[in-house]
Enquirer: 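Please see the structure below; I have some questions.
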Amino acid sequence: MISVTSLTKRYGAHTAVNDVSFECAPGTVTGFLGPNGAGKSTTMRMITGLTPPTSGTSAVAGRPYRQLPNPAREVGVLLDASAQHPGRTGREVLALSARTQGVARERVDELLSTVGLAGPAAGRRVRGYSLGMRQRLGIAHAFLGDPRVLILDEPANGLDPEGIFWMRSLLREFADRGGTVLLSSHLLREVEAVADRLVVIGGGRIVANGTKAELLAGG
Ligand code: ADP
Ligand code: ADP
């Protein structure tokens with residue numbers, strides 16, 4: 001599970017994330033919804049230890065991310081897929097992480113085919129990938145260590161409809177097996193099809209938090 005308690009991030013005079021608290025339970029997909037600039041990425045970067053909070057705390061499976069025994073395997077993370085390893089091929093990206101994480105090499109080709117990157121695409125450099133292909137690779141990377149928790153920032157961005165469809169199925173199956181998912185999007189339709197709960201953020205503050213039924217009933 002993920003718990004976020006009063007997380008705040010200031011950049012100079014600008015408060016990007018303002019006293020944000022929420023929880024994500026095992027077996028559920030939490031949609032983290034808000035317009036561009038709302039503070040979703042900053043919150044996810046704080047949860048995954050990449051950005052130090054100005055104040056507040058967060059924990060994954062009861063501990064700050066960096067204090068997990070094996071964070072790379074316990075938590076699958078996809079943040080800014082456009083930035084990763086342009087000079088390597090898709091297969092190399094996964095194979096290198098498989099080696100550092102102690103994941104069986106066979107898992108790499110299995111995942112490449114799950115996300116639709118088997119065949120020639122796997123041998124091409126990430127530099128030449130479309131955004132959708134980078135998202136596919138990023139999703140494969142997030143699943144690589146057989147994690148219990150997934151933290152995915154805008155994974156549907158640039159994905160084609162077919163990709164969005166299988167990604168939702170993967171996330172649903174993952175949650176139905178007891179996994180915890182935090183999935184961000186700036187589009188309601190990207191999260192409402194798969195999320196059980198919605199945490200809505202605007203201007204750095206939580207503006208709504210509840211089950212999908214609660215939040216979508218009666219507009
Ligand atoms: P979202 O992911 O919801 O689009 P972000 O978390 O990326 O939102 O950004 C929230 C706010 O924080 C925005 O106003 C953004 O410009 C600002 N911000 C994010 N990162 C930085 C940074 N490194 N320095 C200054 N401002 C930042
Ligand atoms: P490691 O080999 O230790 O996994 P990497 O440098 O491969 O380290 O990855 C650093 C971080 O970037 C990881 O946390 C991973 O989640 C993320 N990452 C790596 N490759 C990709 C990718 N293609 N798309 C999205 N995220 C990625």
Side-chain angles (χ1 to χ4, degrees), residues 1-24 28-60 64-66 71 75-86 126 129-139 141-142 147 149-160 163-164 167-168 171 180-212 215-216:
M1 86 114 96
I2 301 169
S3 62
V4 171
T5 311
S6 300
L7 273 183
T8 294
K9 181 66 183 183
R10 286 191 203 96
Y11 291 106
H14 178 67
T15 304
V17 174
N18 197 343
D19 196 25
V20 161
S21 301
F22 62 86
E23 296 203 335
C24 307
T28 64
V29 177
T30 300
F32 193 23
L33 183 66
N36 288 323
K40 304 181 298 295
S41 298
T42 305
T43 301
M44 291 170 130
R45 292 178 62 85
M46 289 192 280
I47 297 169
T48 53
L50 293 168
T51 295
T54 304
S55 59
T57 58
S58 62
V60 181
Y65 176 86
R66 287 182 179 277
V75 187
V77 178
L78 171 57
L79 298 167
D80 193 9
S82 59
Q84 307 293 338
H85 308 308
V126 172
Y129 278 17
S130 65
L131 178 57
M133 290 169 77
R134 288 173 199 219
Q135 295 287 29
R136 287 168 185 265
L137 182 63
I139 292 162
H141 193 277
V149 176
L150 290 172
I151 296 178
L152 309 175
D153 192 11
E154 299 270 4
N157 225 0
L159 259 192
D160 49 87
I164 287 173
M167 180 185 71
R168 283 180 189 153
L171 297 184
T180 305
V181 183
L182 179 62
L183 167 73
S184 79
S185 180
H186 62 290
L187 298 171
L188 175 61
R189 65 178 148 80
E190 302 296 2
V191 294
E192 70 172 337
V194 66
D196 306 291
R197 297 187 65 88
L198 297 176
V199 173
V200 185
I201 185 169
R205 287 183 179 276
I206 299 299
V207 295
N209 180 353
T211 65
K212 194 167 57 175
L215 297 186
L216 300 183

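First listed ligand is number 1; within each ligand, the first listed atom is number 1. Quantities reported herein were computed from a predicted structural model and do not represent experimental measurements.
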Enquirer: Are T180 and V60 close enough, and set up right, to give a side-chain contact (heavy atoms from CB on, under 4.5 Å), and what steps lead you there?
Expert: CA-CA 10 Å; T180 305; V60 181; over 6 Å; no

Enquirer: Could you pull out every protein residue that has a heavy atom closer than 4.0 Å to ligand 1, ordered by chain and then number?
Expert: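 Y11, H14, A16, P35, N36, G37, A38, G39, K40, S41, T42.
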
Enquirer: Checking E190 side chain against L33 main chain: does a donor-acceptor pair fall under 3.5 Å?
Expert: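 No; zero donor-acceptor contacts below 3.5 Å.
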
Enquirer: Enumerate the residue pairs fulfilling salt bridge (Lys or Arg N to Asp or Glu O under 4.0 Å) with a member in residues 194-209, sequence neighbours excluded, ordered by first and then second residue.
Expert: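 Qualifying pairs, neighbours excluded: R172-D196.
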
Enquirer: Before accepting this row, confirm whether a basic side-chain N of the pair D80/R134 lies closer than 4.0 Å to the acidic partner's carboxylate O.
Expert: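 Not counted as a salt bridge, because no side-chain N and carboxylate O are separated by less than 4.0 Å.
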
Enquirer: Do K40 side-chain atoms and I201 backbone N/O form a donor-acceptor pair below 3.5 Å?
Expert: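 A pair under 3.5 Å: no.
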
Enquirer: With heavy-atom distances below 4.5 Å as the criterion, would you say the side chains of T42 and L7 are in contact?
Expert: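 No, too far: nothing below the 4.5 Å cut-off.
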
